[in-house]
Structure formats: structure tokens, C-alpha cells
Amino acid sequence: MASTFTVTVPRLQTERFVLREYRPEDFEAFAAHLADPESMTHLNLSDRKLAWRVFGSHAGLWLLGGAGWWAIERKDSGQLVGNVGAFYRDGSPMLELGWNTYRSFWGQGVAPEAATAVLAYAFDVRREARVHALINAANQPSIRVAERLGLRYAQDTALNGKMTGQYVRERAEP
């Protein structure tokens with residue numbers, strides 16, 4: 001018997017991008033990004049098998065917590081340029097933001113534009129009181145994105161056995 005259970009991923013739009021659910025055809029670009037040593041300087045390189053598990057877990061977070069990752073697609077071409085997330089890490093009650101821009105699109109403002117839409121979704125739709133991003137101190141491009149979003153360094157915290165900066169923003173009350 002086929003399951004009729006479905007999960008809906010909210011579709012967000014920016015001036016240049018559609019933030020949408022992951023699709024099977026997105027995997028090749030996703031896996032290439034995770035296997036690229038330059039792209040993964042501040043994260044962990046992944047072979048194809050591990051990339052598939054990460055891809056599936058990103059998509060599955062919507063089912064488990066009602067929050068997760070979006071594929072970032074260019075409106076004008078339909079081309080996949082990265083991913084952006086608002087998700088709950090295991091054991092954390094605070095929504096975490098994350099972003100990845102595929103290397104050929106670096107320097108084009110993809111992450112700040114997409115993450116701005118996700119931040120608005122977190123505060124205006126989900127009504128989250130506070131969000132955070134965990135960023136390696138050496139990852140200056142991501143720190144600049146966080147700061148553009150209004151997140152501020154709060155403290156160092158352990159992530160996968162390493163100290164990582166926690167950047168936080170609280171929702172402004174009307």
C-alpha cells in the first residue's frame with residue numbers, strides 16, 4: 001500500500017531566487033559541493049555516500065522538526081546555486097541558520113539574499129524568539145553574512161569536538 005503522507009516545504013522567494021524543497025536531481029551539484037576541498041575548507045569533506053546521507057538528512061529535517069533546508073534556485077535559469085537552512089540541531093531548542101553557496105557562485109550575494117528570506121520566515125512566520133548560526137572563526141565570509149543579517153557573536157560553543165562561534169539574533173518586538 002502506498003503512503004499518502006506528505007511533508008510540505010514552504011517555498012520562499014527573493015528578488016533573484018526561489019528557495020524550494022530538495023529534489024533528487026539536485027543531488028549531483030550538492031555532492032560535488034561537499035566533495036570540493038575549497039568549498040569545504042571550514043566544514044568536512046564528504047564522499048558520495050556521506051553526501052547522500054547529508055542530503056537525505058537535510059530533507060528529512062522537515063519531517064522531524066518542521067524546519068530544514070532549502071535548495072536555492074535562480075529564478076532566471078532554474079540553476080541550483082546552493083542551499084540555506086533554518087533547522088533544529090539534535091538537542092538544541094534554538095533554530096539554527098545555515099547557508100552554503102556553490103563555489104562557482106561565490107561573491108554574487110547568494111547567501112545573504114537567501115538567508116535574509118529565511119531569517120524573515122523564522123521571525124515573521126514561525127515566530128521564533130531567537131535564532132543562531134554556528135560559524136568557525138576562520139570562516140570570515142560566513143561571519144560577514146551573519147553580521148549582515150544582524151547576528152552578533154555571543155560565545156564559543158563546542159560543535160563536533162571543536163570550539164565554534166555562536167552568532168545570535170533575537171526577534172524585534174513590535
Side-chain angles (χ1 to χ4, degrees), residues 12-20 22 26 28-47 50-51 53-55 57-58 61 67-75 79-124 126 128-172:
L12 306 179
Q13 294 197 42
T14 71
E15 183 179 330
R16 297 181 297 157
F17 306 113
V18 174
L19 281 53
R20 60 157 177 80
Y22 281 18
D26 298 336
E28 293 304 324
F30 184 90
H33 176 70
L34 268 60
D36 179 350
E38 190 172 351
S39 293
M40 292 291 105
T41 298
H42 305 290
L43 299 171
N44 296 319
L45 276 174
S46 299
D47 64 16
L50 181 55
R53 291 198 326 250
V54 173
F55 187 76
S57 70
H58 276 194
L61 286 170
W69 287 81
W70 288 266
I72 306 170
E73 178 182 288
R74 286 178 55 147
K75 284 182 179 179
Q79 189 172 24
L80 194 65
V81 299
N83 51 30
V84 61
F87 60 97
Y88 294 100
R89 194 174 289 277
D90 180 36
S92 176
M94 194 181 332
L95 193 70
E96 182 175 336
L97 304 180
W99 46 84
N100 292 292
T101 303
Y102 298 164
R103 186 159 45 107
S104 59
F105 301 98
W106 286 359
Q108 297 178 26
V110 173
E113 185 174 332
T116 295
V118 169
L119 183 65
Y121 173 80
F123 286 150
D124 300 341
R126 293 185 57 88
E128 298 289 336
R130 188 174 189 204
V131 298
H132 75 152
L134 301 178
I135 305 171
N136 179 308
N139 190 346
Q140 289 301 307
S142 278
I143 290 171
R144 284 192 297 275
V145 170
E147 289 172 344
R148 283 181 66 178
L149 295 172
L151 281 78
R152 298 292 172 243
Y153 173 81
Q155 64 185 1
D156 279 342
T157 187
L159 177 65
N160 301 326
K162 297 178 184 176
M163 294 309 287
T164 302
Q166 180 184 38
Y167 293 77
V168 177
R169 180 172 167 186
E170 295 190 16
R171 182 182 54 185

**Student:** Considering only residues two or more places apart or on different chains, which pairs with a residue in residues 88-99 satisfy salt bridge (Lys or Arg N to Asp or Glu O under 4.0 Å)?
**Tutor:** Arg89-Glu96
**Student:** What's the separation between atom CD1 in Ile72 and atom CG in Leu80, rounded to the nearest 0.5 Å?
**Tutor:**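 Between Ile72 CD1 and Leu80 CG, I get 8.0 Å after rounding to 0.5 Å.
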**Student:** Within this structure, what is the OG1-CG distance for the pair Thr116 and Leu12, rounded to the nearest 0.5 Å?
**Tutor:** 11.5 Å
**Student:** So with a 6.0 Å cut-off around CD of Glu15, is the heavy-atom count from everything else above 12?
**Tutor:**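 It does not: Glu15 CD has 12 such atoms or fewer within range.
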**Student:** Looking only at heavy atoms, what is the nearest atom pair of His33 and Arg103, with distance?
**Tutor:** ND1-N, 4.4 Å
**Student:** Using 0.5 Å steps for rounding, measure from the CZ atom of Phe105 to the CD atom of Gln79.
**Tutor:**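 Reported value, rounded in 0.5 Å steps: 3.5 Å.
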**Student:** Using only heavy-atom distances, determine whether the side chains of Glu113 and Thr14 contain a donor-acceptor pair under 3.5 Å.
**Tutor:**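 There is such a pair (donor and acceptor under 3.5 Å, judged by atom type) between the side chains of Glu113 and Thr14.
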**Student:** Taking side-chain hydrogen bond (donor to acceptor under 3.5 Å, both in side chains) as the definition, give me every residue that meets it alongside Arg152, ordered by chain and number, with sequence neighbours left out.
**Tutor:** none
**Student:** For Arg130, enumerate each residue passing the salt bridge (Lys or Arg N to Asp or Glu O under 4.0 Å) test, keeping only those at least two apart in sequence or located in another chain.
**Tutor:**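 Here the qualifying residues are Glu170.
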**Student:** Is any side-chain heavy atom of Tyr121 less than 4.5 Å from a side-chain heavy atom of Trp70?
**Tutor:**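 The answer is yes, as the side chains (C-beta and beyond) meet within the 4.5 Å cut-off.
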**Student:** Which value, rounded to the nearest 0.5 Å, describes the distance between Asn83 atom CG and His58 atom NE2?
**Tutor:** 6.0 Å
**Student:** Sorted by first residue and then second, give each ring-ring contact (aromatic ring centres under 6.0 Å, His included) pair with at least one member in residues 143-167; sequence neighbours left out.
**Tutor:**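 Checked against ring-ring contact (aromatic ring centres under 6.0 Å, His included) - neighbours excluded - the pairs reaching residues 143-167 are Tyr153-Tyr167.
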**Student:** Testing the basics here: between Val84 and Ala114, what is the closest heavy-atom pair and its distance to 0.1 Å?
**Tutor:**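 Val84 and Ala114 have their closest heavy atoms at CG1-CB, 4.1 Å.
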**Student:** Does the side chain of Val110 reach to within under 4.5 Å of the side chain of Tyr102, using non-hydrogen atoms?
**Tutor:**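 They are not in contact (no side-chain heavy atoms under 4.5 Å apart), so the answer is no.
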**Student:** Which heavy-atom pair separates Ser92 from His132 by the least distance, and what is that distance?
**Tutor:** OG-NE2, 4.2 Å
**Student:** Determine whether Phe55 and Asp26 make a side-chain contact, defined as any pair of heavy atoms from C-beta on separated by less than 4.5 Å.
**Tutor:**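 Contact flag for Phe55/Asp26 side chains = yes.
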**Student:** Taking it one step at a time, do Arg74 and Phe17 satisfy side-chain contact (heavy atoms from CB on, under 4.5 Å)?
**Tutor:** CA-CA 5 Å; Arg74 286 178 55 147; Phe17 306 113; 3.8 Å; yes
**Student:** Show the nearest heavy-atom pair for residues Val131 and Met94, with the distance to one decimal.
**Tutor:**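 Residues Val131 and Met94, closest heavy atoms: C-SD, 3.7 Å.
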**Student:** Applying salt bridge (Lys or Arg N to Asp or Glu O under 4.0 Å), can you list everything that pairs with Arg169, at least two apart in sequence or on another chain?
**Tutor:** none
**Student:** Kindly compute the distance separating CG (Leu95) from OH (Tyr88), expressed to the nearest 0.5 Å.
**Tutor:** 4.5 Å
**Student:** Rounded to the nearest 0.5 Å, what's the gap from CZ on Phe30 to CH2 on Trp69? Could you check?
**Tutor:** 8.0 Å
**Student:** Search all heavy atoms of Leu97 against all heavy atoms of Ala86 and return the closest pair with its distance.
**Tutor:**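 Heavy atoms of Leu97 and Ala86 come nearest at CD2-CB, 3.9 Å.
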**Student:** If I compare all heavy atoms of Phe123 with all of Glu128, which pair ends up nearest, and what's the gap?
**Tutor:** CD2-O, 3.2 Å
**Student:** Under 3.5 Å, side-chain donor or acceptor atoms of residues 142-151 against the rest of the protein: list the pairs with distances, not counting sequence neighbours.
**Tutor:**
residue	atom	partner	partner atom	Å
Ser142	OG	Trp99	NE1	3.2
Ser142	OG	Asn139	ND2	3.4

